[in-house]
Amino acid sequence: MSAREEFIELYTTHIHRDGSAALLDYLTSRSDFFTAPASARFHGAYAGGLCDHSVNVYHCLTDYLARERVQELYGLDYPPESVAVVSLLHDLCKIGCYKSGTRNVKNAEGKWEAVPTFHFEDPLPYGHGEKSVYIISGFMRLTREEAMAIRWHMGFSGGEDPRTIGQALEQYPLAFALSVADMEATYFLEGERV
């Protein structure tokens, strides 16, 4: 099964609230979500990387939330719909932001050559997590915890005041869990280590 097929299957299996069908139609028919990279030069820097990353984050988040310690000691328990919403949709802010191009690099012989790459050009510079919340909210309603999880999914790797990040992660544990899942997918599943 391709990542696109898996994404659509996970989405249609778990996300049923009002507006979800319109959002899926937007993703499949009027956006580059399934062909966009996840980044310009790092994780998922290839056509389709954004979809791959979103599916990876879903699996990392469901695995994290299934841990005995997370369930019994921390008491984290979220509906499957919330888990799917935050993980599959956390990076919608990247839709329409990557343009194909080239960059010059030295080859093995020390000569410069043009190689394919992506360039980031944000037509709506609204921030990272908050832009994803904004896009989703145009189609369907998020719970406060879902909105906060998506808004703060970058955790301490974002550029905000660490005190504010810490407060958000403490008040909204799903934000912490999503941040962990996003980092695991980015650095272990999709990083140069694999």
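If you read the sequence from its start, that first residue is 1, and numbering goes on from there.
Within 6.0 Å of OH on Tyr26 lie more than 12 heavy atoms contributed by other residues, nucleotides or ligands. More than 12 non-hydrogen atoms from other residues, nucleotides or ligands lie less than 6.0 angstrom from CZ of Arg103. Atom CZ of Arg144 has 12 or fewer neighbouring heavy atoms from other residues, nucleotides or ligands inside a 6.0 Å radius. A 6.0 Å sphere centred on CG of Asp18 holds no more than 12 heavy atoms belonging to other residues, nucleotides or ligands. Within a 6.0 Å radius of OH in Tyr78, more than 12 heavy atoms belonging to other residues, nucleotides or ligands are found.
Under the 4.5 Å side-chain criterion, counting only non-hydrogen atoms from C-beta, Phe7 is in contact with Leu27. Using a 4.5 Å cut-off on side-chain heavy atoms (C-beta onward), His14 and Tyr58 make contact. Taking 4.5 Å as the limit, some side-chain heavy atom of Asp91 sits within range of a side-chain heavy atom of Lys94. Leu23 places a side-chain heavy atom less than 4.5 Å from the side chain of Leu92.
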Could you pull out all donor-acceptor pairs under 3.5 Å where a side-chain atom in residues 69-77 meets a protein atom, sequence neighbours excluded?
unit_1: Arg69; atom_1: NE; unit_2: Tyr74; atom_2: OH; d: 2.8
unit_1: Gln71; atom_1: NE2; unit_2: Leu65; atom_2: O; d: 3.2

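Applying the side chain to side chain donor-acceptor pair (under 3.5 Å) rule to His43 yields the partners Glu190; only residues at least two apart in sequence or on another chain are considered. Residues passing the side chain to side chain donor-acceptor pair (under 3.5 Å) test with Glu160, sequence neighbours excluded: Arg151. In this structure, the side chain to side chain contact (heavy atoms under 4.5 Å, CB included) partners of Asp32, at least two apart in sequence or on a different chain, are Thr35, Ala36, Ile95. In this structure Glu81 satisfies the side chain to side chain contact (heavy atoms under 4.5 Å, CB included) test together with Ile15, His16, Arg17, Val85, sequence neighbours excluded. When the side chain to side chain contact (heavy atoms under 4.5 Å, CB included) test is applied to Asn107, the partners found at least two apart in sequence or on another chain are Glu109, Lys111, Glu113. For Ser100, there are no side chain to side chain donor-acceptor pair (under 3.5 Å) partners, not counting sequence neighbours. Residues satisfying the salt bridge (Lys or Arg N to Asp or Glu O under 4.0 Å) test with Asp161, not counting sequence neighbours, are Arg163.
Other residues sharing a hydrophobic cluster with Met1 under the 4.5 Å side-chain heavy-atom criterion for ILVMFWY residues do not exist; the residue is a singleton. In the hydrophobic clustering, where aliphatic and aromatic side chains (Ile, Leu, Val, Met, Phe, Trp, Tyr) are joined below 4.5 Å either directly or transitively, Tyr46 stands alone.
Screening residues 172-183 for side-chain hydrogen bond (donor to acceptor under 3.5 Å, both in side chains), with sequence neighbours left out, gives His53-Asp182, His90-Asp182. Applying the side-chain hydrogen bond (donor to acceptor under 3.5 Å, both in side chains) rule to pairs touching residues 118-127 yields Asp122-Lys131, sequence neighbours excluded.
Tyr98 and Leu89 are not part of a single hydrophobic cluster, where members link through side-chain heavy atoms under 4.5 Å apart. Following chains of ILVMFWY side-chain contacts shorter than 4.5 Å, one cannot reach Phe120 starting from Phe33, and the two form parts of different hydrophobic clusters. In the hydrophobic clustering of this structure, Ile8 groups with Leu10; members are Ile, Leu, Val, Met, Phe, Trp, Tyr whose side-chain heavy atoms approach within less than 4.5 Å, directly or through other members.
Side-chain atoms of Ser157 come within 3.5 Å of backbone atoms of Met154 as a donor-acceptor pair (strictly under, hydrogens ignored). Formation of a donor-acceptor pair under 3.5 Å by the Glu170 side chain with backbone atoms of Gln167 is not found in this model. The main-chain N or O of Ala114 is never found under 3.5 Å from a side-chain atom of Thr102 such that the two would form a donor-acceptor pair. At distances below 3.5 Å, not a single donor-acceptor pair connects side-chain atoms of His59 with backbone N or O atoms of Asn56.
Nearest heavy atoms, Gly155 versus Ile165: O-CD1, 3.4 Å. Scanning all heavy atoms of the two residues, the minimum distance from Ala149 to Val86 falls at CB-CG1, 4.1 Å. When all heavy atoms are compared, the tightest approach of Cys60 to Ala185 is SG-N, 3.9 Å. Minimum heavy-atom separation, Ala147 to Val133: O-CG2, 3.4 Å.
Taken to the nearest 0.5 Å, the NE2 atom of His153 stands 11.5 Å off from the OG atom of Ser87. Residue Ser54 holds its OG atom at 11.0 Å from CD of Glu6, rounded to the nearest 0.5 Å.
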